[in-house]
Amino acid sequence: MPILEVNNLTKIYESGMIIRRYIEAVKNVSFSIEEGEIVSLVGESGSGKTTTANIILRFLKPTSGEVIVDGRDIWKDINTFEDLKEYRKKVHAVFQDPFSSYNSFYPVDRVLYQALELLGKNPKASESKDLIEESLVSVGLEPKHILGKYPHQLSGGEKQRLMIARCWLIRPKLIIADEPVSMIDASTRGGIIKLFEKLREEEKTSILFITHDMGLAYYISDKILIMYLGEIVEQGTPEEIISNPKHEYTKNLIESIPTLYKKWS
Amino acid sequence: MKGYALRPFLKYVSRKFIFLLVTYFIAITIVFILPRAIPGNPLSTLLRQIFQQGQANPELIRSVHKTLMEEFGLGKPWYEQYIDFITRAFKGDLGTSISSYPKKTLDLIAPVMPWTLILLIPSIITAWIIGNTLGAIAGFKRGSFTDKFTLNFSLIVSQIPYYWLGMLLIFTLSVKLHIFPGQGGYSQGTIPAFTLKFILDMLYHYILPFLSIVISALGGWAIGTRVLVIYELDADYVNFGELLGLKEKTVFSYIFRNSILPQVTGLALSLGGALGGALITEIIFNYPGTGYLLFRALSTLDYPLIQGIFIILIGSVYLANFLVDFVYALIDPRIRLGQSEGS
Amino acid sequence: MGNLVLQVENARAYYIVENNYVRAIDDVSISIREGEVVGIVGESGSGKTTLSNVMLVNIKKPLSLIDGKVKLYLNGSIIELNKLPREELQRNIWGKETSIIPQSAMNALMPTKRIKDSILDVMKTHFDEIHENEIIDKAQTRFEEIGVSKDAIFRYPFELSGGMRQRAVIAVATLLNPRFLIADEPTSALDVSTQKMVLKTIQNLREKGIVKSIAFITHDIATVRQIAETLVVMYAGKIVEISSIEEIIREPLHPYTKGLLFSVVTPEPEVKERGIYHIPGTPPNLMYPPPGCRFHPRCEYKLDICEREEPQLKVVNNRKVACFLY
Amino acid sequence: MWLAMFRPLFKSKKFLVSILVFIFIVLLGLVGPIVYPVDPTGYAGPFERPPSREFPLGTDTYGGDLLAKVLNGTRTSLYIGFLTAVISMSIGIIIGPISAIKGGIVDEVLMSFTNIVLTIPNILLAILIATYLKVRSAEVIALLLGVLGWPWFARAVRSQLLSLINREYVKLSRMAGYSDLRLAFEDLIPGIATYAFMSFILFINGGILGEAGLSLIGLGPTKGVSLGLVLQWAVLMEAVRRGIWWWFVPPGVIIVALTSSLLMITTAMDEVFNPRLREK
């Protein structure tokens, strides 16, 4: 059974009180993710990939279609606050902007205490402190250097690692990683990518990796979905997509990507 | 092509127009509801007062009473009163004054309205221009002495009520120094006419009320524009322009132009407040405008006149509001041509 | 190798922040020659944008040029740009001899003026007398050369699409055929398809002789590799390596260059084979840079000397590198 | 954290000077009437006396002690200003967040309503309403001004919240199972707190100036003393043209000092907290 199943998802934005306008952000999107699989959703700005993420995270209600996580429809089968909390334990996210991922009024470790609370653990218990330190170490952060600090005192890479530490605590079945490294310096990106891979290896976490960077998608994923103007126009293994793109859009996209080892003609 | 280019402009302007029309309708409705909704029914109080004042002429009292009953339609169901009220308002029949019975309210307002417009329009435009220019210079030279001085000056000046500044000006420049006349729109004894002599006399009387509005209104504009300019200083087009060699003067003109555009819509929104202030200023100066008429109406509790003045004033504010927005849509190409969103 | 066009010698440019210095670039020298495209690559905080401001001598508070020279070679004579007052630079140098394609080209043109009016304003600064029609004709020709319709100059910037606007900016920046052009991350905000178009446009500028030489500033080696011959690698306000781009890709010398190159992920089999690399740690706070080599706290080849002495750029096999390993 | 946040504020000269002026005037209003216990409405002595040792601010046409009037008037004006601010803020802080959080049709209806109230010239409407009220206590004046003053604040709160709600940390708190209420208190309100505080100050100004304006045309509080009422009587009695400056200058000075010191406080706060205005 796939961990995530998206069936015929459509999101139409409506606006205007008298004259109504409609924008189709996501059109009839279907895909699935198996346990321990990393699937990349690749698209340029405005392609609808973030809207898709927001729907899966249950922040946005789709106009039609269904999202099934671990066998349960996230709109029909979640009715109580407790159901929702259960769902939150299963699906987590890492976002693009490490700076706006932290509320500047609180120390950065708040994100970890929040995770413990979600799990129903007493954040003040000594066991909690151990869990937090353990999670920090597992993402390569020095607890002394992080605990009690405010967001502006950490680098973007450290903040993103801390987000993954949060995932280590929650151990969700699915992580929606929405451009998690696009605002991180290239030389530190790799470390974060490896942390996602480690999560997948050790915890069998499935990851929906949303990105505009075909190189990253090629490197990290088991399967790539190409999204264009709200639709998934092509999907396949990284090798299939890169060496044998079928859709015009994908062909053009791959041709435009600057390569390192070969120069453009 | 031409028609296409016009479309966003017309859309913007007609949207504004409809919005203001609806709002005006609501405002008139409030004018209708108020005397009927407020406990203690001011109308009957008023009628009682008219009797109590015991004016000598019982015939007059009776006809005032009759007119009032008719105009306010008391006794009729509210919706009939309402429809009556609205139709008469749109016909320009704003009722009959009590204090100057049997004059029609509109006939009383018509002659004083121009005085208010002559005072208000030039002064708020002058204040807008001077205030924005000062603010823009201060913002452009941010951190300099000029900036600090302008800011602090504007912060204080913007909080001086027009009328109190008027009092100070009358006291110093008129009462103490006898430089300017301290009251009226023209010298007593002269008759308004289109003669050079009268116009000069009028201007002479105009200076103090004009100044008191200009000075107190410019502070707010200066503060606002200064901030807008500071926001604009780091704009990409400024940096790029400088690196293409644009002179400071040209860069300033760019920034000025872009920061002043939002202030045009600001002008539209500030009109109501400016009018309120100007009305009170007129009272201080015994200036023969709407404010003075309103003051008289208020002190004689001439409700029909008060209502009439409000319907006209609120209408004028909306009309001016619309005109300013129209001009704004004309001068900002992003509105005129319709900026494509999210590119 | 062509003649020198622009030279920066031993420049130190610091930001003054609360009575302290942020040493944004520290003792940096760079030479740009006729006909070459020099890539300047570095990550955030490496000083690459400050360097672009120094090359143009656009020094504004809180940045100040503490030390160093910026020389422009013009028809056999040498102008020390750092000695010219700002007005002089504006009138005779910027836009005319040196120019820039800014990072955020989306909003780089005056938003409430037609492009032609912005162009006329620029011309008015450089020439006492201008003939409007002539300028418009010339500008239209340049627009067409660059691949923008010539009617675009009668439009407002917001009426053009993203890619068109970017190219209009390039056209405006190069109207007066500047000798030296800086492209400051001109593609980093663009989708890849637009990015390629813009890169081609910039390449054409040199091929058509519109500009003599280009400094292409970026954080992305894969992008700059398509367009530049020489690569300057910056780290924490210093140049750590200068070499031909092919050689750097074949064999990076400086440990930082190595780390940076191996962290690049492109959809190529080579990348999957070599794996993805990252440099541990974070770049230093330039208010308190580490002593010795600024990279030593993150360097896996660190020697004892690296903590004490600053390595200077030295020539190694026709390449330049600032590292004690060589 | 809060302490550390406010520390830079006390480095601002503008802030220090204006807060001192403000505190001084508040003390005048609060402590003044106790220290100087003269009946502000009573008959104190001779008419229209200039300031003297006996009557520090002189007397008016009815022999009223002007210092007593100004001190008590300051108190009333502060009270009205504060109450106005509380009312406006309460309305704005309900409408703005509901509009932002609910979105959709609720948002559109509430914002249309807000825009209508915003465009109705509220001073004129206040005058009109006040006309029909036979008894106008200080509270009624404050209610009137407060009910008409909130729209710009509601709009600003809405747009600030909209930008906060889309911040990623808000989503992350939600993903940690936060309820809407907890989210509002922990993540949203701190984000708009300084802005709300600054708006509160501006509402106080609106109340003080509004009261003075209404009073001047005879629509102020029908009992008690306020700075506006002192000015009104000065105008009615032609104090300006008869040169009785001690009657109309002090109340005006207090109004201007009070409101401009408050405005300066907000400006200083903006310079410290708004990154785009911070001096480089």
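Heavy-atom basis, side chains included; hydrogens, waters and symmetry copies ignored. Proteins get letters first, then strands, A, B, ... in listed order; numbering begins at 1 in each.
Proximity of a side-chain donor or acceptor of A:Arg88 to a complementary backbone N or O of D:Tyr178 within less than 3.5 Å is not detected. Panel note: side chain A:Glu117, backbone D:Ala176; no donor-acceptor pair is recorded below 3.5 Å.
Under the side-chain hydrogen bond (donor to acceptor under 3.5 Å, both in side chains) criterion, the residue pairs touching residues 74-83 of chain A are A:Thr80-A:Asp83, with sequence neighbours excluded.
Side-chain N/O atoms of D:Glu186 and A:Tyr106 include no donor and acceptor closer than 3.5 Å.
For A:Tyr87, no part lies near chain D; criterion is any non-hydrogen pair under 4.5 Å. Only the side chain of A:Asn54 comes within contact range of chain D, with heavy atoms under 4.5 Å apart. For a residue to count as touching a neighbouring chain, one of its non-hydrogen atoms must lie under 4.5 Å from one of that chain's; by this rule A:Arg166 touches chain D with the side chain only.
Under the side chain to side chain contact (heavy atoms under 4.5 Å, CB included) test applied with A:Leu57, the options D:Met175, D:Arg174, D:Lys171 reduce to a single match, D:Met175.
Within 6.0 Å of atom NZ in D:Lys102, 12 or fewer heavy atoms from other residues, nucleotides or ligands are found, so the atom counts as exposed in its surroundings. Around atom CZ of D:Phe197, no more than 12 heavy atoms belonging to other residues, nucleotides or ligands sit under 6.0 Å away.
Here A:Ser100 contributes atom OG and D:Glu168 contributes atom CD; the two are 3.5 Å apart, rounded to the nearest 0.5 Å. Atom CG of D:Asn166 sits about 10.5 Å away from atom CZ of A:Phe59, to the nearest 0.5 Å. Taking OH from D:Tyr169 and CZ from A:Arg110, the interatomic distance works out to 8.5 Å, rounded to the nearest 0.5 Å. Rounded to the nearest 0.5 angstrom, D:Asp180 CG and A:Phe81 CZ are separated by 8.0 Å.
The candidate with the highest count of non-hydrogen atom pairs below 4.5 Å against chain A, out of D:Gly191, D:Ser179, D:Ser173, is D:Ser173. When each of A:His92, A:Arg58, A:Lys85 is checked for heavy-atom pairs under 4.5 Å with chain D, A:His92 comes out on top. By number of non-hydrogen pairs under 4.5 angstrom with chain D, the leading residue of A:Leu118, A:Leu119, A:Asn103 is A:Asn103.
Applying the salt bridge (charged side-chain N to carboxylate O under 4.0 Å, His left out) test to A:Glu86 and every residue at least two apart in sequence or in another chain returns A:Lys89.
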